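Here is the structure we will look at, set down as structure tokens.
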Amino acid sequence: MDRTVRVVHKTQEALGICSFELVAADNRPLPSFSAGSHIDVHLDGGLVRQYSLCNFPGERHRYQIAVLLDQNSRGGSRAMHAIEQGQTLLISGPRNHFPLAHEPRHSLLLAGGIGVTPILCMAQQLAATGASFEMHYCTRSTERTAFAERIRRSSFAGRLHLYHDEGRGQRKLALQPLLANASQESHLYVCGPTGFMDWVLGTARAAGWQEDRLHWEYFAATPVATSDDMPFEVQIASTGTLIPVAADQTVIAALAAAGISVPVSCEQGVCGTCVTGVIEGLPDHRDMYLTSEEQAAGSMFLPCCSRSKTPRLVLDL
Ligand code: FES
């Protein structure tokens, strides 16, 4: 359920990164959340953006999010940075597509830049339960490192390994040996820019990590070439209705034009809100949300971005 919250603190955490502390406008407790959860924030102009919660999971008197001002912003991060202390915002309840696994022997938490937000939340959760973990946090420079002081003052400061690409404290993460030497029972959690995620996940797979020990959350989908996109049709299984999808149209847009609404949020294949069952046909997956096994199974797809490899997809709608 959506709630109205008030921004009680807006803090510059690092160069280009602001955090926002949100409390319920009606002072009632906020829904509880687990580490790795995010909320949707509704912004002016119908924009909806997802931001990971980075305060301690279990806190219900507040949520905290942090936002990087993205130079290539599609509007969301610029709108967030323009928000002032005292303003109200409409947010969704928390949802978690990036949960901690149950009781792994050891957790490797890897954050790149603003990807620290869900990772920080996980570190607090793991530290609170006395679980075994280490946190590796890579940023461009000390000036761009959000929450460094907070982590240094935390009970898990000794588990933090900080790396910077440039400037003071320049040091690179030796990823290959870290992943190659990790125990077979470790789980890996990674969040950050697409290049960082691809590097970490690719190195883990090359080192023999199985998919069920890899956990990730992308912030943005990798751009896909669309010039060869072809029209196709979707069929609604419950009614038999056939709906054409033009070469330059998303399935979501085609469904909406036919009066069928599927819930959407990010509209770029990262949040999983629009996931829809596929009964027949072969999806052309373009999302960053489903695992490679789920994509290969072909029994669901993300209609906000994915298309079809077959002339028709029958959807479980
Ligand atoms: Fe986010 Fe489709 S709306 S994955």
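Quick caveat: nothing in here was measured; it's all calculated off a predicted structure. Atoms within a ligand are numbered from 1 in the order they appear, just like the ligands themselves.
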Using modelled atom types only, decide if a donor and an acceptor are shared between the side chain of T11 and the backbone of E13 within a distance under 3.5 Å.
no
Examine C305 and say whether one of its N/O/S atoms is closer to atom 2 (Fe) of ligand 1 than 2.8 Å.
no
Taking only heavy atoms of E267, which atoms of ligand 1 are found under 4.0 Å from at least one of them?
1 (Fe), 3 (S)
Show me which atoms of ligand 1 lie under 4.0 Å from any heavy atom of S265.
3 (S)
Identify, for atom 4 (S) of ligand 1, the protein heavy atom at the shortest distance, and state residue, atom and that distance.
G272 N, 3.2 Å
With a sphere of 6.0 Å drawn around CZ of R6, does it hold more than 12 non-hydrogen atoms of other residues, nucleotides or ligands?
no
Please work out which of the three classes, parallel, tilted or perpendicular, describes the rings of F33 and Y63, given edges at 30° and 60°.
perpendicular
Kindly state whether the ring of F20 and the ring of Y51 have centres lying under 6.0 angstrom apart.
no
D212 CG: over 12 foreign heavy atoms closer than 6.0 Å:
yes
Under 4.0 Å, heavy-atom basis, I'd like to know which part of C271 is in contact with ligand 1: side chain, backbone, both or neither.
both
Do any N/O/S atoms of C274 come under 2.8 Å of atom 2 (Fe) of ligand 1?
yes
Is the CD atom of E280 crowded by more than 12 outside heavy atoms at less than 6.0 Å?
no
Ligand 1 contacted by V270 (non-hydrogen, < 4.0 Å):
yes
Measure from atom 1 (Fe) of ligand 1 to each N, O or S atom of C266 and report whether any distance is below 2.8 Å.
yes
Using a 4.0 Å cutoff against the non-hydrogen atoms of G269, which atoms of ligand 1 qualify?
4 (S)
A student checking ligand 1 against C304 at a 4.0 Å heavy-atom cut-off should list atoms 2 (Fe), 3 (S), 4 (S)
Just checking R105: does its CZ atom have more than 12 heavy atoms from other residues, nucleotides or ligands closer to it than 6.0 angstrom?
no
